[in-house]
Amino acid sequence: MRVGAAQRIMAVAGVCALALIGLVVSEGNARASGQEVLLAMEAVDPRALLGGHYVIVSPAQSLAPDEQCPPGGDWKWIALRREGESHIVVGGGISREEAQRIAPLVVRGSFECLDPTPPADGAPGAPGWLRADVGIERFHINQAEAERIDLILRDQRPGEAARAYAIISIGANGRARLRGLVVDGERLELSWF
Amino acid sequence: MAAYKDRVKQDLDRWIGAGLVSAEKRDAILATLPEARRLDAATALAWVGGTLFGIAVIAFVADNWEGLPRLARFAVLLATFLGLAGLGAWAAHKERPILSNIALMIAALVFAASIGLTGQIFDIAGDPKSASYAAGAAAIALALAGRSTGAATVGLVLVAIGDFTDRQWFSGLDADTPWMLIAAPLGAFLALRWGSAPLAHVSALAIIYCCGWFAARTEAEAGVFLFLAIVLGAMAAGARWLYLQERAHASAFYGWFAWAALMFFGIAGYLPWFGAEGSDAAGIAHRIVWLASSGGLIALGRLDRHLLVTTVGVLSLIGAISALLMDLGLDLMAAASVFMLCAIVALIAGFMLRRKAT
């Protein structure tokens, strides 16, 4: 039986549409079933918000003058440790096993870190910072909300308690997916609607 | 410009006047020619109206995009894609190949955009390379299903974008195999099978890109470029054979492969083999072969009545002459000697060709 061009086209289009629906459903399921962690966020220069309807998600933590950066390297995995309500990066590894030797909870990603300046000669020292890259860049939201979050991120000062957190879902394969943000205690979660 | 039938009418009248064709045959000959397709006012207005309606819908959706629920936005994307694919299917069923081709090409583009927009709507962090490949594969599948040269062209471009994403050119560090190694020959096959000029040009460029990828896997070695120049030269010869067999659009492959062969050969002369680690004599030999190849290509282009090949030969000749002058540090006596030698070779070759022809 010869299949006509019209049937072939609709069959291919149907497969494409189903693949897209499947992607959305599977990502939604993976996001819902992963382990949830909160990572503190900071504003990103030159702008945390690029004028549109999204916030740049930049997980970052401040390091006090008496702290040190975790050992650096070309890490593919990072180890997380719970600290209060949120998690912080405590090290990295090339493999999952290597990272898990530092802390049991690990996620695919890398980090860059700047050591703090210790106090010396009466000077108080300066805090350092650590920025994590877990493959999540943006949180899409309406423009008014995005601008409000941007202002909050910019109001944060090093050393103060973080006011904005990224809600990350870590899947069984270690991949991070964004669930939403916590801003001043308010939870802004992604939904189907 | 007069339509073909109008021009034939004028010629026929002239031939009848000259007694070459009998007047009784005039109407029979003209009846074999189809009337030129003209867009009547009603059809033109329908197209304008349809286009404006489409723009109005897009503007309305864009203005309310943020206000739409996520699922509604996703549904808009799917409906647009399926609607265009349905239009292509309907046009194919009604044997309107141009409309089907255009609809499937736009459907392929909409699907590519849908992948990106779906990621945005549901905050799915994706890999841009995989997204481009998926969109390219979908476009090629639509092209194969509906014999759409437009969708095939879109597919090749998307695969190329996927290949180009996150590359470290000429570092020798890239280990991924580009999808274009499969897509480009497929595109070339479809271009020749379907007789599509745009697809022929795009797939010829895609094949050249594959050669570039092979070169980029190395740390810019002259031997690799020379090898690829020879491969492209052989492919140009194959395309020339198809061109001489009057295979539709083999001409595009012939021209592009000839250009690429000379380009790769030219670049090879500036890489380490002939440079710091090679000898000056090897450099001069390269330029002389470059000059001779360019001259030969001009002759071949004229012989085959192939404008692109002739043009490539002329441009290559200019490049070779410029390179030689720079090599010789504008030593005019040395340049005169080399050019004189080449001129004598060209004259002898031309003389021998003329003698052979007579």
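Per chain, numbering begins at 1; letters A, B, ... match sequence-line order.
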Legend entry - Rounded distance (nearest 0.5 Å) linking atom OG1 of B/T80 with atom CD1 of B/I106: 11.5 Å
Legend entry - Polar side-chain atom of B/D163 near backbone of B/W179 as donor-acceptor pair, under 3.5 Å: yes
Portion of [X] that has a non-hydrogen atom of chain A nearer than 4.5 angstrom:
| X | value |
| --- | --- |
| B/A89 | both |
| B/L104 | side chain |
| B/L142 | both |

Inset, instruction - Under the side-chain contact (heavy atoms from CB on, under 4.5 Å) rule, collect the residues that match up with B/A250, sequence neighbours excluded. - result: B/L192, B/L242, B/Y243, B/R247
Inset, instruction - Using side-chain contact (heavy atoms from CB on, under 4.5 Å) as the criterion, list what pairs up with B/A141, not counting sequence neighbours. - result: A/V12
Legend entry - Note, A/E98 side chain near A/W77 side chain (heavy atom, < 4.5 Å): no
Inset, instruction - Side chain from CB out, backbone as N, CA, C, O: work out which of these in A/E137 comes under 4.5 Å of a heavy atom of chain B, or both, or neither. - result: neither
Legend entry - A/R179 versus chain B, the contacting section by heavy-atom distance below 4.5 Å: neither
Inset, instruction - Measure the acute angle between the ring planes of B/F74 and B/F122, then classify it against the limits of 30° and 60° as parallel, tilted or perpendicular. - result: perpendicular
Legend entry - Among A/I21, A/I136, A/L20, A/L178, residue most engaged with chain B (heavy-atom pairs, under 4.5 Å): A/L20
Legend entry - Between A/Q7, A/R31, A/H140, A/E27, the one whose heavy-atom pairs under 4.5 Å with chain B are most numerous: A/H140
